[in-house]
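To start, the structure itself, in structure tokens.
FYI, side chains are in, hydrogens and waters are out, and symmetry mates aren't considered; it's all heavy atoms of this structure. By convention in this document, chain letters (A, B, ...) are assigned in the order of the sequence lines, proteins followed by strands, and residues within each chain are numbered from 1.
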Amino acid sequence: GESVGLHLPTLSVQEGDNSIINCAYSNSASDYFIWYKQESGKGPQFIIDIRSNMDKRQGQRVTVLLNKTVKHLSLQIAATQPGDSAVYFCAEIVGGNKLTFGTGTQLKVEL
Amino acid sequence: GAVVSQHPSRVICKSGTSVKIECRSLDFQATTMFWYRQFPKQSLMLMATSNEGSKATYEQGVEKDKFLINHASLTLSTLTVTSAHPEDSSFYICSARVPSGGTENIQYFGAGTRLSVL
């Protein structure tokens with residue numbers, strides 16, 4: 001079946017370095033993607049989104065890249081801070097309504 | 001972003017009892033809310049879509065008689081876990097879709113409810 005998945009379950013980075021979190025998706029009909037951040041014991045927090053007709057979108061310290069040719073999505077976090085430590089999920093919109101979440105990547109920021 | 005409030009944040013109950021979880025959109029009206037379940041170190045799994053004024057739509061494998069959903073107003077959806085058992089222990093999270101008028105429908109999430117059934 002269709003699914004959204006992540007390449008790396010855990011990513012450790014030094015404070016101040018840039019982080020890149022990857023996501024592979026398989027549903028070629030997906031037209032909208034969202035990155036969420038989830039801290040321990042909390043609900044997911046919206047970070048940034050991107051439509052399928054775009055290949056890059058930037059926010060504050062974050063950039064999302066979309067490569068539809070290889071069905072790959074990435075989240076780049078600039079100057080990673082301890083507060084960025086969390087689990088990051090990519091999610092795709094299916095049928096214009098439901099979200100399908102990837103497996104998640106644990107980002108650990110080392111001081 | 002939009003604020004979604006979920007209550008309670010944690011509940012401990014005895015096996016066989018029922019537990020109600022509330023999800024409220026605080027600064028917007030949500031015709032559609034969603035209920036997810038999350039096991040430790042796993043992703044969110046959609047349980048059901050809650051539609052204001054109509055019956056919820058359940059995902060395959062989710063027992064609708066066990067997980068009762070009511071969406072009586074544009075700002076409140078409730079999930080009742082009936083006759084809870086230890087295997088129902090999990091992290092339950094709701095979300096509300098913010099109407100944008102376009103194809104994008106960003107979901108904002110509540111803080112989650114940790115259910116522990118003894």
Exercise. Using the rule that two of Ile, Leu, Val, Met, Phe, Trp, Tyr join whenever any of their side-chain heavy atoms come within less than 4.5 Å, decide whether A:Val62 and A:Val13 are in one cluster.
Key: yes

Exercise. Taking all non-hydrogen atoms of both residues into account, name the closest pair between A:Gly102 and B:Ser43 and its distance.
Key: O-OG, 2.6 Å

Quiz item: Does A:Ile93 share a hydrophobic cluster with A:Phe89, counting links as ILVMFWY side-chain heavy atoms below 4.5 Å and allowing steps through other members?
Solution: yes

Quiz item: Roughly how far apart are B:Leu46 CG and A:Leu99 CG, rounded to 0.5 Å?
Solution: 8.5 Å

Quiz item: Given the rule that I, L, V, M, F, W and Y join up when any side-chain heavy atoms are under 4.5 Å apart, are B:Phe39 and B:Leu44 in one cluster?
Solution: no

Quiz item: Do B:Gln42 and A:Thr103 come within less than 4.5 Å of each other through their side chains, counting heavy atoms only?
Solution: no

Quiz item: Heavy-atom distance under 4.5 Å to chain A: side chain of B:Ile93, backbone, both or neither?
Solution: side chain

Practice problem: Answer yes or no: are there more than 12 heavy-atom neighbours, outside A:Gln14 itself, under 6.0 Å from its atom CD? | Solution: yes

Exercise. Enter the distance from A:Tyr36:OH to B:Ile106:CD1 here, rounded to the nearest 0.5 Å.
Key: 7.0 Å

Quiz prompt | Those residues of residues 40-48 of chain A, ordered by number, that approach chain B below 4.5 Å (heavy atom to heavy atom) | solution = A:Gly41, A:Lys42, A:Gly43, A:Pro44, A:Phe46

Self-check item: Contact leader toward chain A among B:Ala111, B:Ser9, B:Gly112, B:Gly110, where contacts are heavy-atom pairs under 4.5 Å
Solution: B:Ala111

Quiz item: CD/B:Glu59 to NZ/A:Lys98 distance, rounded to the nearest 0.5 angstrom?
Solution: 3.5 Å

Practice problem: Would you indicate whether the side-chain heavy atoms of A:Gln38 and B:Gln38 approach each other to under 4.5 Å? | Solution: yes

Quiz item: Applying the 4.5 Å side-chain criterion to the ILVMFWY set and letting contacts propagate, would B:Leu76 and B:Phe34 be lumped into a single cluster?
Solution: no

Quiz item: Has B:Lys66 got more than 12 heavy atoms of other residues, nucleotides or ligands less than 6.0 Å from its NZ?
Solution: yes

Quiz item: So does B:Lys20 have more than 12 non-hydrogen atoms from other groups sitting under 6.0 Å from NZ?
Solution: no

Quiz item: Out of curiosity, does B:Val62 fall in the hydrophobic cluster containing B:Trp35 (side-chain heavy atoms, cut-off under 4.5 Å, transitive links)?
Solution: yes

